[in-house]
Amino acid sequence: MPANHNPIRVRFAPSPTGHLHVGGARTAIFNWLFARHHGGSFILRVEDTDQERSTRESEGMVLSDLRWLGLDWDEGPDIGGPWAPYRQSERRETYGGIAKALVSSGNAYPCFCTEEELDERRSATEHEGVAPHYDLRCYRLAADDVAARIESGDAHAIRFHVPKESGESLDGDVTIDDLIRGKVTWKKETLGDFILVRSDGMPTYNFSVVVDDHLMAISHVIRAEEHLTNTHRQVLIYRAMGWETPHFAHVSLILGEDRSKLSKRHGATSVAAYAESGFLPGAMFNYLSRLGWTSAEEREFFPIDYAVKHFSLDRVNAAPAVFDQNKLTWLNGQHIHQTAASALYEGLEARFRNAGWITSPVVSADARRWFEEAIEAVKKKVQRLDEFVDAMRFLFEFDPAQVLEANRTLLANRDTTSLLKDLVSELCETGAPSSVAEYKALTEQLKSASGLKAKELFMPIRIALTGADHGPDLQRIFALLEKGSSIEGLALPVEPALRRIEGVLNELRR
RNA sequence: GGCGCAUUCGUCUAGGGGUCCAGGACGCCGCCCUCUCACGGCGGUAACACGGGUUCAAAUCCCGUAUGCGCUACCA
């Protein structure tokens, strides 16, 4: 028996055919939020019955993508659980047994038609304007005929019989009360007999999903809208087995900018790609949970536990939603701004090393502290992790010739040259300012020496020092440069500020 | 084609008969803060798909149309 006796049990059932996509991620998040909000269980089940496309490697990727998002599960293929196994490919006997029961109760039958034959007959009837339903050929086979063909080893699928004529034991009409969409009804005429078990012995989605959801005691099936019309078939299987149906909630699809279903051609769609391009898991979670769901107070920016506390299916929107990179990026910025530099550093070290800024195999405590200061200095200017490298590049890379070339009008005039000369002599005399007081003293000194106003003073210094017309406070830049040059393991020269200004002056003299 | 679902600013959404000549957020524009760039603050731009009903009153209820999407597979 499971340790958790809460009857709320939901599952996320991905097909392992590549990285987790944002659509699947949102479905997983909604399920997880529902479970955590109600104190129920969240089960992970791998739907790998399509052997052509499923791989164990993909399964590993999907699991790690889910973990990256901050999700955890109570039962799953990697951790087991009371209803193991949690991989459908390992549950064939179970499906086989249920299929047999459906055949003996008269709700299903062996079908010997091959795929090619079916294709042929389908295309033959297509232009007659008739719904392309199975023609019931094998349903009408005589019992001993069937027995004989099975005896002789003829390959066959198992097909479910949708009750059509009055007098059949089940009604083919189905109404569900979807938690997001309300009542949805289908008429029996809509459906043809459909395959339960393929001729290779693998169950189809519509069959295995019912068997597993029932056997795993799933209370709420929360899944994407593309499965809504399949629910008709599934409910019929529940009825034929005499099983109670779970509650259904069909979440709308995520669309690309052109309002078609989000897919690879819309650009990055896997959560792994977003992780790589510098999105924080908390921001991804925040954005995806907000896509189609709002808390009663309509908060936009929130941590995971806020969503757990406030999540409710009642407030999930039935209309499809366009994936908006802009808003994701904004949210990611908000999350970065709120995250401590020490935490940000964790996700940034590899990027810094990659940029060649770290020269030692181990990062010393001093170096780490210095990086955290630098992160703090530029944090509010970035919206993605990868932008930190661009925002901090000026600290490590400086080419006087290039800087002059790009800013000749501003740097190559008499006032600026004498200002920079003054600055050099100040730096030689007192060293680079490392405190607010020293910095103030320096700028006061420069102001009186040059006679320039504050506004005219700072831009030439900024550019001669960083090469850019934007960046953190000059005072912080001096301090960072000064401190960093005395820390081992950082790719910084000694006296970087002085060298840079001198370098520019040298270029000016040429 | 048939069936199903959906339709409020460019986008995410609030709203569920009167409080809505429709509120919030992203984006965009302007202003303020400021040595710069950002952050932040303030303001602006912009929507009830269309047509019929029902009602004293409709973004909200009903019907139809249009559009989009999904399903209609021995994919999930």
Side-chain angles (χ1 to χ4, degrees), chain A residues 13-15 17 24 47-50 52-54 88 111 113-115 118-119 122 126-134 155-159 178 180-182 184-187 189-192 194-206 208-209 223-233 250 252-253 255 257-261 287 290-294 296-301 315 317-331 333-334 337 378-383 391 443 453-463 466 468-475:
Chain A
S15 289
T17 58
E47 308 216 324
D48 55 350
T49 56
D50 182 354
E52 304 258 304
R53 301 194 300 148
S54 304
Q88 293 191 325
C111 176
C113 302
T114 66
E115 274 188 85
L118 291 168
D119 281 347
R122 218 184 343 257
E126 228 162 39
H127 43 79
E128 290 169 31
V130 196
H133 289 169
Y134 179 61
H156 63 276
I158 305 292
R159 204 177 268 279
D178 191 276
I180 293 172
R181 272 146 230 285
V184 182
T185 301
W186 296 272
K187 293 274 175 215
E189 297 78 45
T190 324
L191 265 195
F194 55 92
I195 302 278
L196 255 24
V197 181
R198 293 183 267 235
S199 47
D200 67 358
M202 271 295 183
T204 59
Y205 166 77
N206 282 303
S208 57
V209 77
R223 77 223 313 184
E225 192 195 336
E226 63 201 38
H227 296 300
L228 179 61
T229 39
N230 283 323
T231 310
H232 185 182
R233 294 167 220 274
H250 288 93
S252 66
L253 261 18
L255 273 26
E257 312 245 338
D258 60 354
R259 305 210 71 98
S260 70
K261 185 177 159 177
Y287 178 71
R290 260 294 278 120
L291 207 57
W293 171 74
T294 348
E297 52 186 9
E298 284 193 80
R299 250 169 79 171
E300 302 282 349
F301 171 61
R315 299 192 60 86
N317 197 148
V322 173
F323 191 86
D324 185 1
Q325 292 265 1
N326 255 335
K327 193 152 184 180
L328 203 214
T329 303
W330 170 78
L331 257 181
Q334 297 296 306
H337 302 341
V378 301
K379 177 165 112 168
K380 288 278 173 63
K381 303 176 195 305
V382 308
Q383 293 186 302
T443 52
K453 301 219 187 267
K455 294 222 180 203
E456 304 161 321
L457 188 69
F458 293 108
M459 193 47 80
I461 296 180
R462 171 177 295 284
I463 288 181
T466 71
D469 61 2
H470 62 270
D473 298 343
L474 276 174
Q475 173 209 322

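The structure displayed is predicted, hence computed values, not measured ones. Protein chains get the first letters and strands the later ones, always in sequence-line order, with residue 1 at the start of each.
- The heavy-atom pair separating Arg233(A) from Leu191(A) by the smallest distance is NH1-CD2, 3.4 Å.
- At a threshold of 4.0 angstrom between heavy atoms, the contacts of Arg259(A) are confined to the sugar-phosphate backbone, with no base atom among them.
- Residue contacts shown for Cys113(A) include a base, since a base heavy atom lies under 4.0 Å away.
- Distances were taken from every side-chain heavy atom of His470(A) (C-beta onward) to each of C74(B), C37(B), C12(B); the shortest belongs to C37(B).
- Straight-line distance between the C1' atoms of C48(B) and U8(B): roughly 4 Å, to the nearest whole Å.
- Here Thr49(A) reaches the OP1 or OP2 of A76(B): one of its side-chain N or O atoms lies under 4.0 Å away.
- Taking atom NE2 on His133(A) and atom C1' on C71(B), their separation rounds to 11 Å, with Å as the unit.
- What you find for Ala468(A) and Ile463(A) is that their closest heavy atoms are O-CG1, 3.5 Å.
- Counting non-hydrogen atoms under 4.0 angstrom, Ile463(A) reaches nothing in the nucleic acid.
- Rounded to an integer number of Å, the gap from CD of Glu297(A) to P of A14(B) is 14 Å.
- Searching all strands for a Watson-Crick or G-U wobble partner of A73(B) with both distances below 3.5 Å returns nothing.
- When the side-chain nitrogen and oxygen atoms of Arg122(A) are compared with OP1 and OP2 of G1(B), none of them lie within a distance under 4.0 Å.
- Under the Watson-Crick and G-U wobble criteria, each requiring two contacts below 3.5 Å, nucleotide A66(B) is paired to U7(B).
- Checked against C26(B), C69(B), C35(B), the side chain of Leu253(A) finds its nearest nucleotide in C69(B).
- In this structure, Arg462(A) does not reach the C37(B) phosphate: none of its side-chain N or O atoms is under 4.0 Å from OP1 or OP2.
- Once rounded to the nearest 0.5 Å, the distance linking OG1 of Thr185(A) with NE2 of His232(A) reads 10.0 Å.
- One can place NE2 of His232(A) at 13 Å from P of C5(B), the figure rounded to the nearest angstrom.
- With U36(B), G10(B), C35(B) as the choices, the nucleotide that has an atom nearest any side-chain atom of Phe458(A) turns out to be C35(B).
- Nearest approach of Phe323(A) to Leu328(A), heavy atoms of both residues: CZ-CD1, 4.0 Å.
- For Asp324(A), counting side-chain heavy atoms from C-beta on, the closest listed nucleotide (A6(B), C26(B), U36(B)) is C26(B).
- Atom CH2 of Trp293(A) is separated from atom P of G15(B) by 13 Å (rounded to the nearest Å).
- Contact annotation for Thr329(A): no contact, since no heavy-atom pair falls under 4.0 Å across all strands.
- If you check every strand for non-hydrogen atoms under 4.0 Å, Gly292(A) touches sugar and phosphate atoms only.
- One P atom belongs to U13(B), the other to A6(B), and the distance between them is 14 Å to the nearest Å.
- None of Thr229(A), Asn230(A), Asp178(A) except one satisfies the side-chain hydrogen bond (donor to acceptor under 3.5 Å, both in side chains) rule with His250(A); the exception is Asp178(A).
- Contact annotation for Arg299(A): no contact, since no heavy-atom pair falls under 4.0 Å across all strands.
- Residue contacts for Glu300(A): at a heavy-atom cut-off of 4.0 Å it reaches a base atom on one of the strands shown.
- Rounded to the nearest Å, the gap between the C1' atom of C9(B) and that of C74(B) is 47 Å.
- Gln383(A) and Trp330(A) get closest at one heavy-atom pair: NE2-CA, 3.7 Å.
- Each of A76(B), C35(B), U13(B) was ranked by its minimum atom distance to the side chain of Asn206(A); first place goes to A76(B).
- The side chain of Pro320(A) lies closest to A6(B), out of A6(B), C39(B), C12(B).
- Summarising the base pairing, C42(B) is matched to G30(B) through a Watson-Crick or G-U wobble pair whose two defining distances lie under 3.5 Å.
- Taking atom C1' in both G16(B) and A57(B), the straight-line distance is 16 Å, to the nearest Å.
- No contact: Arg223(A) has no heavy atom under 4.0 Å from any strand.
- Spacing between atom CG of Leu328(A) and atom C1' of A25(B) amounts to 14 Å, rounded to whole angstrom units.
- Between Pro472(A) and Val378(A), the shortest heavy-atom distance links the atoms CG-CG1, 3.8 Å.
- Heavy atoms of Asn230(A) sit under 4.0 angstrom from at least one base atom.
- Here the side chain of Lys327(A) is nearest to one of C3(B), C26(B), A76(B), namely C26(B).
- Across all strands shown, C21(B) forms no Watson-Crick or G-U wobble pair with both key distances under 3.5 Å.
- Among the protein residues, Thr294(A) comes within range of the sugar-phosphate backbone only, with heavy atoms under 4.0 Å from sugar or phosphate atoms but none that close to a base.
- Between Glu298(A) atom CD and C26(B) atom P there is a gap of 13 Å when expressed in whole angstrom units.
- Contact detail for His156(A) and Ile158(A): the closest heavy-atom pair is CD2-CD1, 4.1 Å.
- Where Gln334(A) and Asn317(A) each meet RNA chain B at their nearest nucleotide, the meeting point lying more 5' is that of Asn317(A).
- The partner of A14(B) cannot be assigned: no Watson-Crick or G-U wobble pair with both contacts below 3.5 Å exists in any strand.
- When rounded to the nearest whole Å, the span between CG of Leu457(A) and P of U36(B) equals 13 Å.
- Side-chain to base pairing of Ser199(A) with C74(B): one donor and one acceptor N or O lie within less than 3.5 Å of each other.
- Straight-line distance from the CG atom of Asp178(A) to the C1' atom of C5(B): 10 Å, rounded to whole Å.
- With P as the reference atom, G18(B) and U60(B) are 12 Å apart, rounded to whole Å.
- The nucleotide whose nearest atom lies closest to any side-chain atom of Glu226(A) is, among A76(B), G68(B), G24(B), A76(B).
- To the nearest whole angstrom, the two P atoms, one in C31(B) and one in G70(B), are 45 Å apart.
- Contacts of Leu228(A) with the nucleic acid, taken as non-hydrogen atoms under 4.0 Å apart, involve only primed sugar atoms and P, OP1 or OP2.
- The side chain of Trp186(A) sits closest to G4(B) out of A76(B), U7(B), G4(B).
- Under the Watson-Crick or G-U wobble criterion, with both distances below 3.5 Å, C35(B) has no partner in any strand shown.
- Nucleotides G51(B) and A58(B) have their C1' atoms positioned 15 Å apart, rounded to a whole Å.
- Mapped onto RNA chain B by nearest heavy atom, Lys455(A) and Thr229(A) fall at different nucleotides, with Lys455(A) at the one closer to the 5' end.
- Of the candidates C39(B), C37(B), C12(B), the closest approach to any side-chain atom of Lys380(A) belongs to C39(B).
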